[in-house]
Number of protein chains: 2
Amino acid sequence: MGAGSRYDNEVLSALRRGDRFRSCQEVHALIADARGGPARPPSLSTVYRTLHRLAREGEVDAIHSEEGERLYRRCATSSHHHLLCRACGRAREVPHAREVRAVLARVERLTGFAELSYSLEFSGVCPDCD
Amino acid sequence: MGAGSRYDNEVLSALRRGDRFRSCQEVHALIADARGGPARPPSLSTVYRTLHRLAREGEVDAIHSEEGERLYRRCATSSHHHLLCRACGRAREVPHAREVRAVLARVERLTGFAELSYSLEFSGVCPDCD
DNA sequence: AAGGTTATGATAACCGTTTTCATTTTGACA
DNA sequence: TGTCAAAATGAAAACGGTTATCATAACCTT
Ligand SMILES: [Mn+2]
Ligand SMILES: [Mn+2]
Ligand SMILES: [Zn+2]
Ligand SMILES: [Zn+2]
């Protein structure tokens, strides 16, 4: 199966450093940093390709920043929402909100739309930044 | 007051043509189309500037498409969510979901985050496309 | 080791958006 | 109504993130 990249592990472990969504270029820089020695890091192209594939495969979550940049994060497999600190950027996962089920049913009934899906994201100021 | 542009009306009326979020370039083309004659349409720069300002002033809603493009729409003033048809792109407003209040309170209690805000968007297949 | 397949790196192309700046338009006021 | 400063506009360049291209390198499989 897997048409995996030789850098999957380094990309994923860069994403695990710190609780935040990271851009492709940040991931690239993190990998370069993690290599103290003369070892050559993957090219930016490869990091773009790897993140793109990992997102398609569902290994990482992807969102768009307010500025349109694409950000990635390694997340739990269970259904969850994201909560981002507007001050420091830290991200938390919060458990799926059951209430959404009723809202979806109502929207479906009200509008006649089918195959409804949704996206629910939170932001706030984390305890450290407050 | 307003540091308004001379094209505000044309931009807003372009946004009112059809129930969909539109990109800046689409708005620009719509304005050009709406002028049959030899009248010169505003430049793309001006449309970008005008939409940017209208969004800041709250006159129009802005979202990011899945591809990162910025899309604008003239919306009702009351609190609402968006429901987009994945097939034809049509957008509807659905009334604010009261259940969100309880979810926010729970997330706040659970995480210690303050000043919570959220975004809740829906998509589906509209009756015409179904 | 040979040959075909896939991944990689360097670079250019892409594309939506913002910046720049010279020019035009506007509006306040004499 | 003429004057002039302030604001808006258009054209073009710059920007920044992302994708496409393509020659080279690494990787199998036999
Ligand atoms: Mn997630
Ligand atoms: Mn709206
Ligand atoms: Zn914080
Ligand atoms: Zn539809």
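Throughout, protein chains are lettered first and strands after them, A, B, ... in sequence-line order, and every chain is numbered starting at 1.
- Separating the CD1 atom of B:I31 from the P atom of D:dG10 is a distance of 10 Å, rounded to the nearest angstrom.
- Nucleotide D:dC28 holds its P atom 10 Å from the CZ atom of A:R6, rounded to whole Å.
- Ring geometry for B:Y118 against A:F122 counts as tilted: the plane angle lies between 30° and 60°, on a 0 to 90° scale.
- Remark: side-chain polar atoms of B:R20 are paired, donor with acceptor, to backbone N or O of B:C88 under 3.5 angstrom.
- Every residue two or more places apart in sequence or in another chain that forms a ring pair (Phe, Tyr, Trp, His ring centres under 6.0 Å) with B:H82 is listed here: B:F21, B:H80.
- The CZ atom of A:R40 sits 12 Å away from the P atom of C:dT8 (whole-angstrom rounding).
- Dashed line: the shortest gap from a side-chain N or O of A:T46 to OP1 or OP2 of C:dG9 is under 4.0 Å.
- Between B:R86 and A:S117, the side chains place a donor N or O and an acceptor N or O closer than 3.5 Å (distance only, hydrogens not considered).
- Here D:dT19 presents its C1' atom at 14 Å from CZ of A:R56, a figure rounded to the nearest Å.
- Other residues, nucleotides and ligands contribute over 12 non-hydrogen atoms within 6.0 Å of the CZ atom of B:R106.
- Under 4.0 angstrom from either OP1 or OP2 of D:dG10 there lies at least one side-chain N or O belonging to B:Y7.
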Base contacts versus sugar-phosphate-only contacts with protein, heavy atoms under 4.0 Å: please encode nucleotides 11-20 of chain C as B, S and - from 5' to 3'. B----SBB-B
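- One can place NE2 of A:H28 at 14 Å from C1' of D:dG17, the figure rounded to the nearest angstrom.
- Note on A:E26 versus A:R17: no salt bridge recorded, every NZ/NE/NH1/NH2 to OD/OE distance being 4.0 Å or above.
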